[in-house]
Amino acid sequence: MFHQSVLSFLFILGALTLTSALYSSNSDVIQLTSKNFDSLVLSSDDIWIVEFYAPWCGHCQQFAPEFQKAAKVLKGIVKVGAVNADEEGSLGGNYGVRSFPTVKIFAADKKKPEDYNGGRTAQALADAAVLAIKNKINAKLGGKQSGSGSKSGSDKDVIELTDSNFDKLVLQSDDMWLVEFFAPWCGHCKNLAPHWAEAATELKGKVKLGALDATTYTSKAAEYEVKGYPTIKYFPAGKKDHSSVQDYDGGRTGSSIVNWALEKLAENIPAPELVEITNEAAFKENCDKPLCVISVLPHILDCQSKCRNNYLKILQEMGEKFKKKMWGWLWTEAGAQRSLEDALDIGGFGYPAMAVVNAKKLKYSILRGPFSTEGISEFLRDLSYGRGNTAPLKGAQLPNIESVDPWDGKDGEFPTEEDIDLSDISLDEKDEL
């Protein structure tokens, strides 16, 4: 009896241990507690995406793989952490956590984190991270422009690099770096210095800026073939080697450096997910962006799986090409969303068709050219430059979206015709042909 009780206790203890470890110590998701939360999150300049979860919560368990994927993708760009609110109840209470999972974004104002209400996918989290970065930068730039004088950066935010610390700080880190190789007597270097410090301050927590005196630390300067001053090199986030290092080719003002760095950050974000419109939630979530690209593909009976997948491949390629725009990408089958087709004036002139919608302004623009890589690319490029014709959505509101089953990836099947049994039908002579 005693032996059985011990075994039961050990079984329960083991189960509790497993359920509490929703994210392992090897995960890219950083474990946050009341002991380290202030120092890691609140006192840092990093942007943080933080999940408050309970180990027993089914939704949390389903969300965990996508949250871990987001942490891996955003490593070196935005910090991703998790709080076991079962064990850290007071920490969850501080931020009004009442259900699980609750995700908050700690960005410009750490005292007032933003509630994350996006999709529970790595892509949606990555989109939110990019938006948080842009908002933080825009807030700082806006403050600079409205102030009475120009906002200068701090030399302390520029990291001093040497031959001895370069590999550890730059090459062996997950962070993205811009490194200036300079000479103390160089006039161009002296002119760049305040702009470099300004950019280092603006980008703090997102991109690290370093400076190496190439006349003193000649080994690293020679390794990277520095022949003039200043020379700026770009070291991407994550694993680095010589083949990944690039020359900086942007301007030499603080804003130019910041914008160039943010472009590089955006390049590391994965392509947007191409989402089938199966319900209103999917539609609104992906159209709650600067623009959403909506494609209406032929009915599966008119264009079987091979044909449809070719169209989807084109759309995925376009999503990759224009991913820095942070648009939403949606598709539906002809006839599945008739209200949407009517609102966009798509139905009736053939499929596939495409429209780009601005959900906030309730306007749209239709692809008039070919539904091809070249045709779509030209159409979207014109829109991104502010060119192209737009029209107001019919009804001056977003259309109703029907709930439909998602495509199963298979060919369509024509309905089978039923054989008519005439054996039970008797015909009078006058009815015979």
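Computation of the quantities below employed the complete heavy-atom set of this structure, encompassing side-chain atoms and omitting hydrogens, waters and symmetry-equivalent molecules.
To the nearest 0.5 Å, atom CG of residue Asp46 and atom NZ of residue Lys110 are 6.5 Å apart. Taken from NZ in Lys134 to CD1 in Ile137, the straight-line distance is 11.0 Å, to the nearest 0.5 Å. Note that OG of Ser295 is 13.0 Å distant from OH of Tyr351, once rounded to the nearest 0.5 Å. Atom CG of Asn358 is separated from atom CG of Leu291 by 5.5 Å, given to the nearest 0.5 angstrom. Put simply, OG1 on Thr332 and CZ on Arg338 are 10.5 Å apart, with the number rounded to the nearest 0.5 Å. Remark: Ile30 CD1 to Asn36 CG distance equals 9.0 Å, nearest 0.5 Å.
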Working note: Thr373 + Met318, criterion side-chain contact (heavy atoms from CB on, under 4.5 Å); need CA distance, chi angles, decisive distance, verdict. CA-CA 7 Å; Thr373 300; Met318 292 297 97; 3.5 Å; yes

Given Asp411 and Ser305, is the side-chain hydrogen bond (donor to acceptor under 3.5 Å, both in side chains) satisfied, shown in steps? CA-CA 5 Å; Asp411 285 340; Ser305 58; 2.5 Å; yes

In sequence, state the C-alpha distance, the side-chain angles, and the governing distance for Lys394 and Asp342, and then conclude on side-chain contact (heavy atoms from CB on, under 4.5 Å). CA-CA 8 Å; Lys394 290 184 178 179; Asp342 290 342; 5.5 Å; no

Given Asp167 and Lys220, is the salt bridge (Lys or Arg N to Asp or Glu O under 4.0 Å) satisfied, shown in steps? CA-CA 9 Å; Asp167 287 1; Lys220 283 299 172 186; 2.6 Å; yes

List the steps, then state whether side-chain contact (heavy atoms from CB on, under 4.5 Å) holds for Cys303 with Tyr311. CA-CA 10 Å; Cys303 173; Tyr311 287 131; 3.8 Å; yes

Evaluate the side-chain hydrogen bond (donor to acceptor under 3.5 Å, both in side chains) criterion for residues Gln123 and Asp127: first the C-alpha distance (whole Å), next the side-chain angles of each, then the deciding distance (0.1 Å), finally the verdict. CA-CA 6 Å; Gln123 178 63 58; Asp127 288 346; 2.8 Å; yes

Begin from the C-alpha positions of Asp157 and Lys204 and carry the test salt bridge (Lys or Arg N to Asp or Glu O under 4.0 Å) through to its verdict. CA-CA 7 Å; Asp157 293 327; Lys204 193 173 181 180; 3.1 Å; yes

Start with the C-alpha gap between Ser34 and Glu88, add the side-chain angles, then the distance that decides, and say whether side-chain hydrogen bond (donor to acceptor under 3.5 Å, both in side chains) holds. CA-CA 7 Å; Ser34 55; Glu88 305 290 340; 3.1 Å; yes

Could you walk me through whether Glu180 and Lys233 pass the salt bridge (Lys or Arg N to Asp or Glu O under 4.0 Å) test, one step at a time? CA-CA 7 Å; Glu180 176 202 3; Lys233 300 279 185 178; over 6 Å; no

Give the C-alpha distance, both sets of side-chain angles, the deciding distance and a yes or no for side-chain contact (heavy atoms from CB on, under 4.5 Å) between Met326 and Val130. CA-CA 9 Å; Met326 296 194 302; Val130 173; 3.0 Å; yes

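Under 3.5 Å, the side chains of Glu51 and Tyr23 contain a donor-acceptor pair of N or O atoms. Side-chain atoms of Ser377 and Lys321 form a donor-acceptor pair, as typed in the model, at a separation below 3.5 Å. Side-chain atoms of Ser27 and Ser24 include no donor-acceptor pair closer than 3.5 Å. Of the N and O atoms on the side chains of Ser403 and Asn279, not one donor lies less than 3.5 Å from an acceptor on the other residue. Residues Asn286 and Trp327 bring no donor and acceptor atom of their side chains to less than 3.5 Å of each other.
Relative to the ring axis of Tyr234, Lys264 places its NZ or CZ within 45° and under 6.0 Å from the centre.
At least one donor-acceptor pair under 3.5 Å links the side chain of Asp241 to the backbone N or O of Ser244. Here the side chain of Glu341 pairs no donor or acceptor atom with the backbone of Ala334 at under 3.5 angstrom. Between the side chain of Glu202 and the backbone N or O of Gly254, no donor-acceptor pair lies under 3.5 Å. When atom types are taken as modelled, the side chain of Glu66 and the backbone of Ala122 share a donor-acceptor pair closer than 3.5 angstrom. Using a distance-only test at 3.5 Å, with no hydrogens or angles considered, a donor-acceptor pair links the side chain of Asn259 to the main chain of Ser255. Thr218 contributes no side-chain N or O that, together with a main-chain N or O of Thr215, makes up a donor-acceptor pair within less than 3.5 Å. Formation of a donor-acceptor pair under 3.5 Å by the Arg252 side chain with backbone atoms of His188 is not found in this model. Of the possible polar contacts, one joining the Lys240 side chain to the Gly238 backbone as a donor-acceptor pair under 3.5 Å is found.
Within the 4.5 Å cutoff, no side-chain heavy atoms of Thr278 are placed close to those of Phe283. With a 4.5 Å cut-off on side-chain heavy atoms, Val207 and Asp175 do not count as touching. Inter-residue side-chain proximity for Lys112 and Asp109 is flagged as met; some heavy-atom pair is nearer than 4.5 Å. His59 has its side chain within reach of Pro101: a pair of non-hydrogen atoms, C-beta onward, lies under 4.5 Å apart. A 4.5 Å side-chain heavy-atom check between Ile49 and Leu125 finds at least one atom pair inside the cut-off. When side chains are defined from C-beta on, Glu320 does not count as touching Pro272, because their heavy atoms never get closer than 4.5 Å. Between Leu315 and Phe371 there is a side-chain heavy-atom pair separated by less than 4.5 Å. At a threshold of 4.5 Å between non-hydrogen side-chain atoms, the residues Ile232 and Leu192 count as touching.
The local environment of CD in Glu378 is sparse, with at most 12 non-hydrogen atoms from other residues, nucleotides or ligands closer than 6.0 Å. Other residues, nucleotides and ligands contribute over 12 non-hydrogen atoms within 6.0 Å of the CD atom of Gln304. A 6.0 Å sphere centred on CG of Asn389 holds no more than 12 heavy atoms belonging to other residues, nucleotides or ligands. For Lys79, the NZ atom sits in a loose shell: 12 or fewer heavy atoms of surrounding residues, nucleotides or ligands are nearer than 6.0 Å. Within 6.0 Å of atom CG in Asn400, 12 or fewer heavy atoms from other residues, nucleotides or ligands are found, so the atom counts as exposed in its surroundings.
Looking at every heavy atom in both residues, Trp48 comes nearest to Leu40 through NE1-O, 3.0 Å. Considering every non-hydrogen atom in both Ala355 and Leu344, the closest pair reads CB-CD1, 3.9 Å. Heavy-atom minimum distance, Lys289 versus Gly328: CD-N, 3.7 Å. The nearest pair of heavy atoms linking Val78 to Ile133 is CG2-CD1, 3.8 Å. Taking each heavy atom of Lys75 and Ala237 in turn, the nearest pair found is O-CB, 4.3 Å. The minimum heavy-atom distance linking Leu32 with Gly81 is given by the pair CD1-CA, 4.0 Å.
Each of Tyr224, Trp260, Trp177 was scored for a ring-ring contact (aromatic ring centres under 6.0 Å, His included) with Tyr248, with one residue passing: Trp260.
The aromatic rings of Phe181 and Phe166 sit tilted, their planes meeting at an angle between 30° and 60°. Relative ring orientation between Phe37 and Tyr95 is described as tilted, the plane-to-plane angle lying within the 30° to 60° band.
Look at Lys72 and Asp28 and you find no salt bridge, because none of the NZ, NE, NH1 or NH2 atoms lies under 4.0 Å from a carboxylate O.
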